[in-house]
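Report on one structure; see the data block that follows.
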Amino acid sequence: MATQTIRTTCSYCSVGCNFTATVEDGRVTSWKPAKDYPVNRGRSCPKGFNLLEPFAAEDRALYPMVRGDDGELHRVPWDEALDRFVSGFRAVLDTHGPESAAFLSTGQIPMEEMAFLGALGKFGMGMVHGDGNTRQCMATAAVAYKQAFGFDAPPFTYTDIEESDFLVFLGSNAMISHPVLWNRLKNNTRDRTVVVIDPRATKTARAADEHLRIQPKGDLSFLYAVTNEIIANRWVDEEFVAAHTSGFDELAAHVAGFTPEGVEAVTGLSADTIRQFARRFHEASAASFWWTMGVNQSHQGVRTAQAMINLCLITGNIGRPGTGPNSITGQANAMGSRLYSNTTSLYAGLDFLKDADRRYVADLMGIDADRVPQANSLPYHRILEGVDSGEIRALWIIATNPGHSWIDHNTLAKRFASLDFLVVQDLYHTTETAQCADLVLPAAGSGEKSGTFINSERRIGIVDRVLDPPGEARSDFDIFRAIADRWDATPLFPEWQTPEDVFRFLTRVSRGRPCDISGISGYDMLRARGGIQWPYPESGHDDAEQRRLFADGRFFTPDERARLLVTDIEPVPEATDDEYPMILITGRGSTVQFHTQTRTGKVPMLRKSYPATAYVEVNPQDAERLGIVDESRVRVRSRRGDVTVTARVGETMAPGQVFIPMHYPEANPLTYPAFDPYSFEPNYKWAAVRLDALD
Ligand code: SF4
């Protein structure tokens, strides 16, 4: 009997836990969280424990499928599927030009696959547009860091959660969304205070020392009022501000208009509460912000994230243990997508608009620089608008399910039907998006292939194959290679025979960049070291297991100073009124649910732990006023659609606000399509709705 021990990284959330599998004769006989991995040290959440089970689901896409004249998907051989792919995209691109087709990618597949897709789609097939579903979760944090620090550089390492004495979780339900990271608070032996700022009394809020129940969209005003207090009381770290930042005078002038009394109404918090918060932030020896989608998915998300960044900068809470404006990433490889997918930027954060950057990448690949687009991709929502207008005629969607997850997706199926050609590459042929496809390409899951992920603390972790893909499913890497062959594009990537070949290219392209990983020799080094955080340059690297950025106060801007950035408060995107008087917030429902549940929904043990059908959380006062009782059926209506769900009456929501978990298809027919003006991330956290009792 052949027995192997294989280490791999969880492909759900961005915490990046590592597991040890024992594989005997092709079967996994043991699956345990790795005790010696610096991220999880033997811990896991239920999703990770059950990571492999969804790969055996009955609705796996086992072979390529083409939609026939009868409107159904039918099995075809790979050769025919690849011919169909090439003829479909060639017909559109040849007739309508390079801007008429696009790909929509993901934060779920390994970095090397993203990099291959970005090269194949843009340099090989000649597309200009390709974006990722990280637009739906992390674009705001990426843009906020890039504008403030000069690069998309989350500054922290996970031990900061153990070394902070004032931890502020803003718009983050970390206890259920990033459970293993949250658990590390137990290692924090300081006299610490955890404050959660959230409109909803989430599990995280209830577990915290203090919950500031802020009004939805009151966060930016709150942060400006706190900044004003810090400045007015002369609690600013003047030395750090003078040496390492720019824009302080503008910041001070801007926030002077935000007094604690003046923002009471919009925040729902008393002036005393705001003053006390500012004082405690100032008095902490190491204060930190931790944020997720409550900030990112907002119509002013970038400036809200930067208001936290400002506070950390002006108080010197950066670059030291336990500090930092820290964005916890969403998907397992969102950071890989942000840096190395060749979508919104060229590899390693280089710029499609700069001649020198295009030439640098082209020279390293040995291709003609004219193959590199001289324009940025349209962001996700503009690609979908392009489908509406007829400018985008073909789409290739990889490992994501916008048919469920996209904001206000009521017309999406109709939009997909209007395309000349829609290809979906996924583990399952049953997702809402795959059901619209002309061609389904069956892909392997993360346990069935190899590559690397980058987690929230910038750690590059190894993904190793523990199972063979079922049926005729192939790794995304192999699918991209097969398409490159069929497209006659293989000569562009002669060295890219394996994922590790691509990884080595990425280490080369990163040289000299803030995310320099040129010192990583290959996968064996990552395996031996328990992952490695970027940067890790070839010379002068720091070998510490946990590393944070900016200890020297030097940022990635041309003058090495961080930027303090502000904006005016914009009105909420959709006003409530007599007809739609309540505010709908969407978000994560439980630890055991992930995104559109294409995987977690297939695990019976996980399914037992949450309601099978969609529900809306409603405050008892609203329930009584509307004649709604717990567990009864209610209709939730917005100006875009209506759904029927079960009422859960309780104090989780404040009066006038309701919540539907994003995992159910009932959430996004209701949401309102507003976008942050810098990151173009959708605002999933505010829509005007009404509730009507049905029972
Ligand atoms: S916390 Fe995240 S990375 Fe860790 S096991 Fe759970 S889902 Fe996977």
Side-chain angles (χ1 to χ4, degrees), residues 6-21 28 30-55 106-111 134 137-138 154 157-158 161-162 169 172-187 203-204 207 290 292-293 326-337 399 445-447 451-464 466 526 530-531 533 587-603 605-607 609-610 661-663:
I6 302 173
R7 300 281 294 266
T8 194
T9 302
C10 177
S11 57
Y12 280 115
C13 89
S14 65
V15 174
C17 300
N18 197 255
F19 288 78
T20 306
V28 177
S30 161
W31 175 255
K32 291 182 184 152
K35 285 203 171 117
D36 58 349
Y37 199 68
V39 166
N40 53 315
R41 300 205 186 287
R43 293 187 181 279
S44 168
C45 78
K47 293 194 296 292
F49 273 121
N50 293 280
L51 183 74
L52 304 179
E53 194 170 335
F55 300 145
T106 178
Q108 295 286 317
I109 62 176
M111 199 155 78
T134 39
C137 60
M138 298 316 302
T157 189
Y158 286 164
I161 208 164
E162 299 162 357
F169 287 79
S172 165
N173 193 358
M175 190 177 182
I176 68 164
S177 59
H178 300 90
V180 169
L181 178 58
W182 174 260
N183 216 281
R184 289 182 65 152
L185 263 177
K186 287 187 182 147
N187 303 335
K203 280 195 172 171
T204 311
W290 304 84
T292 55
M293 302 314 148
N326 304 328
S327 147
I328 313 173
T329 309
Q331 301 175 77
N333 198 23
M335 177 49 85
S337 170
S446 65
T452 56
F453 289 161
I454 309 182
N455 76 355
S456 280
E457 58 167 357
R458 312 181 317 282
R459 183 176 302 276
I460 302 162
I462 196 82
V463 175
D464 262 333
V466 295
L526 292 172
Q533 289 172 291
R588 192 176 294 264
S590 69
T591 307
V592 296
Q593 291 168 286
F594 193 74
H595 290 186
T596 65
Q597 300 201 93
T598 47
R599 285 182 288 159
T600 51
K602 295 175 172 57
V603 183
M605 186 189 278
L606 301 184
R607 286 200 68 103
S609 315
Y610 61 87
M662 64 178 174
H663 317 291

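For ligands, and for the atoms within them, numbers begin at 1 and follow the listed sequence. Along the sequence shown, residues carry numbers from 1.
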**Message:** Given 3.5 Å as the limit, does a donor-acceptor pair link the side chain of Ser456 with the main chain of Ile328, or not?
**Reply:** no
Please tabulate, for side-chain N and O atoms in residues 32-43, each donor-acceptor pair with protein atoms closer than 3.5 Å (sequence neighbours left out).
unit_1, atom_1, unit_2, atom_2, d
Asp36, OD1, Arg7, NH1, 3.3
Asp36, OD1, Arg7, NH2, 3.0
Asn40, OD1, Asn18, N, 3.1
Asn40, ND2, Asn18, O, 3.1
Asn40, ND2, Arg43, O, 2.9
Arg41, NH2, Glu545, OE1, 3.0

**Item:** NZ or CZ of Arg184 within 45° of Tyr158 ring axis and under 6.0 Å
**Value:** no
**Prompt:** If you leave out waters, which protein N, O or S atoms are less than 2.8 Å from atom 2 (Fe) of ligand 1?
**Reply:** Cys13 SG
**Message:** So if I apply the side chain to side chain contact (heavy atoms under 4.5 Å, CB included) rule between Cys10 and each of Val180, Val463, Leu51, which one comes out positive?
**Reply:** Leu51
**Request:** Could you tell me whether the side chains of Gln593 and Thr600 share a donor-acceptor contact shorter than 3.5 Å?
**Result:** no
**Item:** Closest non-hydrogen atom pair, Ile176 against Lys47
**Value:** O-NZ, 4.4 Å
